[in-house]
Structures are given as structure tokens and as C-alpha cells.
Colleague: 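After the C-alpha cells below, expect a handful of questions from me.
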Amino acid sequence: MPGSQRTESSVSDLETAISDDVQENVNETKELQEPQEVNTEVEAEEPETEGDGQEDGGESVNNSKHESEPESHDEFIDASSVTLLSNEAKHADAEPELAPVQVKEDELEEQLPTPIENDQYSISTAKSVTIEKTDSSVKDDPQSSALIAEAGSVSSEDPAEEPVAEKKLIPPELPPRELPEPVHRDEEPVVIAADDNIPQEQNGEERQNSDYSMKRPVKTLRRWFAFNMKGSEESNGNFNEIMSELAGPQNQSLAFSRYWENVEDLNSQSTKDRELLSQGANGIKRTFNEIKTGIEYTNDDELVKRIDWEFWSEVINDYSSVLENKSAELIDNITKGIPRELRGMVWQVICNSKSMELEEFFRANRNCESQYQKLIKRDLARTSFVTNSAVKTKIVDLYEIIKVYSIYDKEVGYTQGMAFITVPLLMNMEASEAFCMLVKLMNTYDFKQLFVPQMPGLHLKLYQFDRLMEDNLPELYLHLKREGVRSSMYATQWFLTVFGYKFPLEMVLRIYDIVIAEGIESLLKFAINLMMKNQKQLLELSFDDLLPFLKDKLFFYYVDNSGDENAPRTLTDGYSNREISIDTYKLEDFVADSMAIDILPVNLKRYEAEFVEIHKLEGEMETEISQLKTRNGQLLRDIRNIEAEYATLNREHVEIANEMVQGKMEIAHLQDENRQLQEQIDELTERLRRLENQNDTNVDFTGEISNNMNMEIQKTMERNLEVMEENRLLEEQLALVTKELADAKSEISEAKGKWFKKGGFW
Amino acid sequence: MSKQTSVKLVLLGEAAVGKSSLVLRFVSNDFQENKEPTIGAAFLTQRCTIGTKTIKFEIWDTAGQERFANLAPLYYRNAQAALVVYDVTKPASFIKARHWVKELHEQASKNIVIALVGNKYDLVVDPETGEEIEGRRSVSVEEGKALADEEGLLFFETSAKSAFNVNEVFTAIGKQIPEETSKPQDEPSSVGRIDLNAPVDESGGAGNCAC
């Protein structure tokens with residue numbers, strides 16, 4: 001509330017009332033479950049106050065009306081990003097963040113007569129933001145995305161339905177029942193006088209609101225933090241109880257959260273193991289106390305003055321009470337760096353890692369073979385983080401720790417990057433202790449999730465990083481998103497190597513101090529800080545320049561320009577191995593700035609719950625996809641079978657068609673033949689008929705013939721008679737001649753006889 | 001003004017075969033002995049002009065360790081080109097390359113251009129004469145070629161150290177990237193569609209080599 005009054009001058013009582021309203025409903029911003037209850041203007045605005053929408057809403061408003069005051073926008077972002085507080089967990093703190101949006105909104109209403117073009121712009125901006133949101137912030141929340149979709153559709157309808165000038169002013173998320181209000185206001189020229197109307201309406205809304213303001217936040221909270229609640233479904237649970245649970249230190253401070261998890265881990269171990277661990281811790285305490293006593297007797301002034309012996313003594317001897325009673329001082333001191341002389345001891349005490357049993361395991365296995373040893377050796381030899389650092393002399397120890405770990409934890413074995421985790425440990429303690437602590441970090445500090453196959457921890461960290469960006473640096477988040485730069489492209493190594501892949505060892509040690517006290521989640525502080533400090537530059541870059549910048553130049557922000565201008569400005573780059581000198585960097589500022597960023601465990605848990613949900617949905621989707629693929633395969637096979645059948649049928653069809661054609665041709669042929677035959681028949685019939693006719697006339701012919709023949713016969717017979725007569729005549733002649741002849745002969749013979757008697761002898 | 005297309009390219013292969021070194025040679029024309037193992041993946045870009053078109057390679061250099069293989073699909077999912085790298089002196093790396101080729105064919109986009117690259121060629125030749133020394137190599141050129149022919153891959157033997165054939169690999173890939181498919185900005189239409197003619201297209205596509 002005070003925040004809003006400070007930011008804007010024209011804040012009336014009315015707005016104060018509204019701010020109250022906002023405050024009460026902050027808790028519901030993320031999941032606005034019952035859109036039909038969203039009656040008030042203030043509530044309607046809530047989707048805007050969620051996550052990035054918050055700043056975006058502000059931005060769109062700025063675009064339309066407040067171009068003249070960018071600084072208020074900046075200020076706004078700064079305020080929210082320096083203190084990464086969850087709105088819902090800390091009411092009071094959430095207020096200043098919300099107020100500016102609210103105030104601007106109200107101002108808008110007062111100045112209704114706005115150029116139309118501007119209004120149009122405001123709506124389009126807001127709409128595009130809404131779209132962005134549907135695919136980013138609420139991907140795992142079907143209800144709220146549905147709500148946003150609904151809101152989006154409402155907003156797209158608005159200009160068509162209503163007088164343009166009026167509608168523009170309402171953020172796109174406004175539900176349609178807002179409509180009567182602008183219409184109502186439309187009637188009067190909107191000037192300050194219109195103020196009279198607004199208070200009444202809004203007071204009414206407020207009243208309405210208070211009816212369920214106690215119930216709904218509780219319900220929403222339960223749904224929201226279901227992962228953190230025991231009996232989640234008792235209706236009307238005590239709001240304050242839940243709030244106080246959420247406000248508990250384990251949800252509000254990474255250090256507490258880390259400590260409690262360590263304690264829980266300790267409690268889950270067997271009595272024997274616990275004893276061994278406490279023996280280990282006691283050993284360290286003894287060593288420390290001996291050193292401390294020894295220091296008092298030496299005259300090393302520098303050593304005595306530089307280190308706050310009393311404080312660190314308390315830390316080592318009773319970490320839990322220091323955390324509980326002097327947590328601010330503790331974090332402050334750790335931020336300034338644990339003195340390197342005590343670092344190893346403090347680390348081990350905080351995470352309670354030293355275990356006789358594990359040390360024994362290490363000693364027993366340090367000469368054993370591991371399937372990974374070749375790869376480990378090769379990687380150590382080519383990892384400049386190792387070869388360039390003081391740990392080079394301990395490279396055999398380093399190799400053995402990693403090798404023994406690969407034997408100890410079969411699930412992880414060896415993953416490239418583990419050397420980065422181990423080097424800082426080995427720098428500060430004995431090899432066997434470093435091994436214990438590696439085991440501890442892996443198992444209790446969840447480093448293991450980064451290194452097991454599939455690397456679920458890495459994906460979770462990247463998701464949490466994305467969400468923190470989205471909620472706290474929305475402008476940058478959207479810029480990177482638009483440019484297609486995803487966190488997996490540049491932030492993977494930050495988490496897998498505790499920044500060791502790019503940053504020098506001294507820096508990694510300082511980061512390690514924080515990680516030991518606050519857990520792996522604290523890496524997000526450094527990550528977010530780097531992004532925040534470079535936001536301005538990053539916003540100006542496009543895809544091509546973004547990646548190299550994100551990879552190599554983020555830390556340039558902390559280059560100390562006060563000294564030598566020619567100082568090398570490149571950090572060790574995986575691709576160039578160029579050396580850097582740590583003295584040229586403002587290491588203290590870097591750690592302090594990063595620690596100034598407050599990341600609440602409760603928020604991270606919520607992100608984690610989202611992540612788990614998304615992961616689950618993705619898993620389901622993948623199963624579905626694989627099922628669909630199988631089904632698709634089956635269907636493809638079916639299709640192929642059917643196609644084969646079809647081909648066969650086709651072939652058969654063609655054959656049949658051919659046969660049919662042939663048949664048809666045959667039919668035609670036969671028809672032809674038939675026709676010919678028919679013709680023949682006709683002809684023959686005709687002929688027959690003619691012949692039959694001829695037969696009738698044949699009688700005449702025969703008569704004629706016989707007549708002729710008779711005549712012929714008669715003629716012949718007549719001739720015959722003539723020939724016979726002739727013949728008789730000839731025969732008579734012949735007979736006559738013959739007789740004459742005989743007469744002649746007898747005359748001759750008589751003549752001859754006489755001639756004989758006359759001539760002689762007789 | 002020539003056409004500029006961007007090509008998403010991913011490098012795959014066993015640990016320590018020289019993936020990052022190939023990229024370093026291509027992008028910076030530089031070489032380092034004992035290159036750092038890649039953690040996760042590195043991203044680099046490089047422009048190069050092939051004929052009239054300018055190609056911007058967006059290179060994902062993945063970590064080679066088996067463990068990181070699970071992350072590889074993130075990188076090759078929308079890749080239009082892949083370099084599957086092995087070490088000509090390490091037979092195991094060639095077996096791994098075979099696996100990668102298989103996985104790419106099964107999981108990556110259909111018309112991905114894959115180059116099989118046998119790196120560390122410098123180790124098998126005499127630096128003075130440039131002739132191969134007997135007994136140095138463990139994977140013969142024929143084996144590499146055979147795999148490439150079998151699977152329809154480009155094939156090169158390279159040396160990141162001597163720069164031998166490195167640019168050639170990228171140029172060959174650039175030539176083979178079909179112009180229209182070089183910007184597949186998530187076309188949901190074609191992804192969701194059941195491609196009944198897929199096998200036909202594939203065989204047709206393999207023949208349509210642009211070089």
C-alpha cells in the first residue's frame with residue numbers, strides 16, 4: 001500500500017481500497033478457478049499480475065499511455081527482481097509490485113478519452129502477451145490456460161461488439177460481464193466527474209468479494225501447494241495456519257531448507273551410521289578446536305585478525321543454533337566467503353559428510369578397476385579446470401575419488417563434468433574426506449539427479465531457471481524466447497559444473513560455499529544475477545550474438561575496469577582455453593549481488609511441482625505418441641495389405657474386363673455371322689421359293705421335250721424307212737448283180753470246157 | 001543479394017573422437033591438443049557461401065559420453081544435417097557411429113543430410129610425405145565408404161588438426177541441403193500427417209542429390 005502511494009501521486013482513497021482488494025486476491029492470481037466469480041475489475045486484472053503478465057501488463061499500459069515515464073517501469077522491474085518474493089507467500093511484500101499496475105489502470109480510467117490508435121496498440125500488445133503466456137507460463141495448468149484462452153477470445157471479440165474507444169481500455173483478460181460498466185460510463189463525458197460512479201461500483205465489488213475472500217485463498221493455496229500439504233481436502237482449513245506453514249523458515253530460506261533436508265537425511269539413516277557420522281563430525285570439531293587453540297598461541301596476527309574465530313567456532317561446534325539464532329550473520333559471513341583455512345572443515349560440518357565407513361570404502365577400493373577408468377583418465381588430462389589449477393598435484397587423488405565413486409554408485413558411474421564437482425572438494429580436504437563429501441553431495445544435495453542417465457535434475461534446474469526468468473525478468477525472458485534461445489543452450493554447464501566450465505576455481509569455491517549452505521538451488525541465484533546484470537545488453541542482441549554472449553561474456557559485467565585497461569578480458573573459454581586473471585574481476589560484488597537475490601524454496605517447490613506435472617504430461621504424451629506410432633504402424637500394415645488386396649482385385653478386374661471385351665467382340669462377331677447366316681437363309685429361302693415356282697413350270701418343258709423328241713423319232717423313223725428302202729433296193733441290185741455274176745461265171749466255165757475237148761486228150 | 005538459409009547441424013559420435021575440434025577448425029580455423037570434454041552441448045554458428053547461396057550453420061556440438069546420449073534427441077530433433085564422427089584409429093568409435101546413423105534414420109527428420117566423418121586422419125599419415133603409414137589405422141576407407149553407401153551418407157576422412165577435408169564436409173552438406181526445406185520452422189501440418197508415400201519419397205529424395 002505505501003508502495004503504491006509512493007509511486008503515483010494521484011492515488012485516492014478509492015485506489016487504496018482497491019489495493020486492499022488486490023492484496024486479498026493476490027493469492028488467486030495463478031489459478032483463477034472460477035471465472036464466473038470474477039466480477040470485480042480488480043480481479044479481472046489478476047491474470048495480468050501473474051508471473052510475467054505482471055510486468056507485461058504494466059508494459060502494455062506504458063505503451064499506450066505512459067511512454068513518458070519509462071523509469072517507473074524500470075524501477076518496477078528492479079523492485080521485483082531484486083527481491084524474488086512470492087506474491088502469495090508474503091502479502092506485504094507483494095503489494096508494491098502489484099500497486100503500480102493497479103494505479104496505472106485506474107489512471108487510464110480517469111483519462112478515458114484517448115486517441116483510438118493508442119488504444120488499439122495497447123490491446124494488441126496485451127493480446128500478444130496473452131498468447132505468449134499460454135504457451136509458456138501455464139503450459140501445465142489446463143485450467144488457467146483455458147481461462148486465458150477464454151480471455152483471449154473475449155478480447156478479440158470486444159472491438160466488434162462495443163464502441164471501440166471504450167473497450168480498448170479494459171485489459172483483454174476482462175471477462176465479458178464487465179461490459180455494462182463501460183457502456184454506463186459511455187453515457188457521460190468521461191472527466192473527473194465520473195469518479196463519483198467508480199467508487200460506488202468498486203465498493204460494491206469489494207463487498208461481494210469479501211464474502212469468499214477467506215475461503216477462496218485457502219482453497220487455492222491448498223491446490224497450489226498440494227505437494228506441501230498433508231490433508232489437502234478439508235474444506236475451509238485455517239488460512240492463517242497454512243500461511244504460517246508457508247511462511248516457515250524451510251519455505252522461506254534456502255539455508256534452512258537445506259539444513260532441514262540434511263537433518264532429515266541424517267534421521268533416515270540407521271543408528272550405527274548416525275554414530276559413525278557424528279564421530280566424523282566430532283573429529284573435525286576436535287581438529288578445529290585444536291587449531292583454534294594453537295592459533296591463540298601463535299603470533300600470526302594476520303591470521304588471528306583476518307578470521308572471525310569465535311563465529312566460525314560457533315558454526316563448527318553448533319551449526320544448527322547459529323542457523324536458527326544468527327541466520328543473517330551466518331549467511332552474511334558465508335557470502336563474504338568461508339576463510340580458506342577453514343573451508344574444508346566448515347563444509348564438512350554443514351553437510352555432515354565425514355563417515356568412517358565411506359572413508360574405509362574409499363581406501364579399500366582406490367586401487368580397484370573401474371570400467372570407466374580409461375575415460376576418466378582421458379578426461380582429467382584434457383580438462384583445463386583440472387590441469388590449470390593447483391589440484392594438478394593431486395591429480396592421482398582426483399582420479400581415484402572419481403573412479404571409486406564410479407564403483408560406489410553403479411547408477412551414476414562416471415559422467416563427464418564430475419571432475420568439476422570434485423576438484424573444489426579435493427582442494428580443501430583429504431582425498432577420503434572429499435570422497436565422503438562427494439557421496440553426500442550426490443545423494444543428499446541431489447547432485448546425483450544431474451548425473452544419472454536422463455539427467456532429470458538438470459532438466460528441473462533448467463525449468464526452475466526458466467520460470468524464475470519468466471517471473472522476474474519477463475522482458476528478457478520473452479526476448480530470449482522470441483529469439484529462440486533456450487536455457488539448455490547456455491545454462492546446462494552452469495549447473496553440471498557449478499560454473500566451473502567457464503569460471504575460474506577461486507570463483508567456483510565461493511559459489512561452493514553458498515551451495516554447501518543453501519543447496520544446489522543457490523546456483524539459480526548466481527544464474528539469475530548474471531542474467532539480470534546483463535539484461536540491458538542482452539535485450540539488444542539477436543540470436544547470433546546472444547549465444548556467444550551468454551556463453552562467454554556474461555561475467556564481463558564484473559570486470560574491474562578501474563585498473564589496467566589492457567587486462568585480459570576473456571574468461572577461460574571451452575573453445576579457446578584463454579587464461580584469465582581473477583584479480584581483474586569483482587568477485588566480492590558478484591557473490592554479494594547474487595546473494596542479494598532472494599529465491600524462496602517455496603517458489604522452487606512450486607516450480608518443481610509444475611515441472612513434475614509437465615514431465616508427467618509429457619510422459620503420457622510420449623506413451624500416447626508411441627501407442628499412436630504402433631497403431632499407425634498397424635494401420636500402415638493394414639493399408640499395405642488392403643493395397644495388395646486392392647491390387648489383386650484390380651488385376652482380376654482387368655482380367656474380367658478383358659474377358660468381357662473379348663466376349664463383347666465375340667458377340668459382335670457372332671452377331672455378324674448370325675446376320676450373314678440370316679441373309680443366307682433369306683437368300684436360300686428366296687431361291688427355294690423361286691425353285692418351287694420353277695417346279696410348277698417344269699411340266700410344260702417336258703411336254704415340249706417329248707414333242708420335239710417324238711418329232712425327232714418320227715423323223716428318224718422316216719429316215720430309217722427311207723434307209724431301209726434304199727437298202728432293199730441295193731440288195732436287189734446286189735442280188736441281180738450276183739446272178740449276173742453267176743451267169744457270167746457259168747458261161748465262162750462252159751466256154752472253157754468246150755475249149756478243152758477240142759484241144760485234146762480226153 | 002544471395003539467398004541465405006540457415007541450417008541446423010548436429011555433431012554426434014563417441015567421446016574424444018574430435019567433434020569439438022572439427023567445429024573449432026570450421027568456425028575459428030584453430031586447433032587445440034587435449035580439447036576440453038564437452039559438457040552438455042555447445043552451440044556455435046558459422047556462415048559460409050556455397051555458389052550463390054549463403055548458408056548459416058547453426059551447429060550443436062554434443063557431448064560424446066554415452067550418458068549425454070540421452071540429451072542428443074533434444075539437439076537432433078529438428079536438425080537438417082548431422083555429422084556422425086568417428087576416429088579412424090578407434091574401431092569402437094566406428095561401431096558407435098553405426099549406432100548413431102541408425103538412430104538418426106529412425107528418430108531424426110526424414111530428409112536429414114548425414115555425413116559420416118572419419119576424423120584424426122593425420123594420425124595415419126606421415127606428416128612429411130603425406131603418405132599413409134601401414135598399421136596406423138583401424139577403420140579402413142572401404143569400411144567407411146561401405147557404411148556410407150549402404151545408408152546413403154556423405155563420406156569424408158578428415159583431420160581437424162591439419163584442417164584436411166574439414167571445410168569440404170560442411171560445403172558438401174551445404175550443397176545437399178534442399179533450398180526449400182532448409183527452414184523447417186516447425187511445420188505442424190507435415191508432422192501430424194500420416195505420410196503414406198513416405199518410402200517412395202525417401203528413395204526419390206536420395207536420388208535427388210543437388211551436387
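Please read these numbers as outputs of a predicted model, since none were measured by experiment. The chains referred to below are lettered A, B, ... by the order of the sequence lines, with proteins before strands, and numbering in each begins at 1.
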Colleague: With no hydrogens and no angle check, is any side-chain donor or acceptor of A:Lys551 less than 3.5 Å from a backbone partner on B:Phe43?
Modeller: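 Checked: pair present.
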Colleague: Where is the tightest heavy-atom contact between B:Gln65 and A:Leu375, given as atom of each residue plus distance?
Modeller: CG-CD2, 3.7 Å
Colleague: Looking at chain B, which one of A:Val452, A:Thr383, A:Leu458, A:Thr497 has the largest number of heavy-atom pairs inside 4.5 Å, strictly under?
Modeller: A:Thr383
Colleague: Around B:Glu134, counting heavy atoms of other residues, nucleotides and ligands shown, do more than 12 lie under 6.0 Å from its CD?
Modeller: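 No - once you tally the heavy atoms of other residues, nucleotides and ligands closer than 6.0 Å, there are 12 at most.
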Colleague: With ring centroids as reference points, do A:Phe451 and B:Phe68 lie under 6.0 angstrom apart?
Modeller: no
Colleague: Does A:Lys553 have any side-chain contact (heavy atoms from CB on, under 4.5 Å) partners at least two apart in sequence or in another chain, and if so, which?
Modeller: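 side-chain contact (heavy atoms from CB on, under 4.5 Å) list for A:Lys553, sorted by chain: A:Phe549, A:Phe556.
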Colleague: Before you tell me yes or no, could you show the steps for B:Tyr75 and A:Met489 under side chain to side chain contact (heavy atoms under 4.5 Å, CB included), namely the whole-Å CA-CA distance, both residues' side-chain angles and the distance that decides it to 0.1 Å?
Modeller: CA-CA 10 Å; B:Tyr75 302 112; A:Met489 294 177 175; 5.8 Å; no
Colleague: Judged by atom type as modelled, is there a donor-acceptor pair below 3.5 Å linking the side chain of A:Gln493 to the main-chain atoms of B:Ala41?
Modeller: yes
Colleague: Would you say A:His615 has more than 12 foreign heavy atoms packed within less than 6.0 Å of its NE2?
Modeller: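 Counting neighbours around NE2 of A:His615, 12 or fewer heavy atoms of other residues, nucleotides or ligands fall under 6.0 Å, so no.
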Colleague: As a quick check of understanding, evaluate side chain to side chain contact (heavy atoms under 4.5 Å, CB included) for B:Lys56 and A:Asp544, giving each step before the final call.
Modeller: CA-CA 10 Å; B:Lys56 193 181 101 192; A:Asp544 282 358; 2.6 Å; yes
Colleague: Quick one: are A:Arg378 and B:Asn34 in side-chain contact, heavy atoms under 4.5 Å?
Modeller: no
Colleague: For the CD1 atom of B:Ile39 and the CG atom of A:Asp379, what is their distance to the nearest 0.5 Å?
Modeller: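 It is 7.5 Å, given to the nearest 0.5 Å.
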Colleague: Quick one: what part of A:Phe495 sits under 4.5 Å from any heavy atom of chain B, side chain, backbone, both or neither?
Modeller: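 The answer is neither part of A:Phe495.
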Colleague: Quick one: do A:Leu547 and B:Glu58 satisfy side chain to side chain contact (heavy atoms under 4.5 Å, CB included)? Show the steps, please.
Modeller: CA-CA 11 Å; A:Leu547 278 162; B:Glu58 296 173 358; over 6 Å; no
Colleague: A:Tyr490 versus chain B, heavy atoms under 4.5 Å apart: side chain, backbone, both or neither?
Modeller: neither
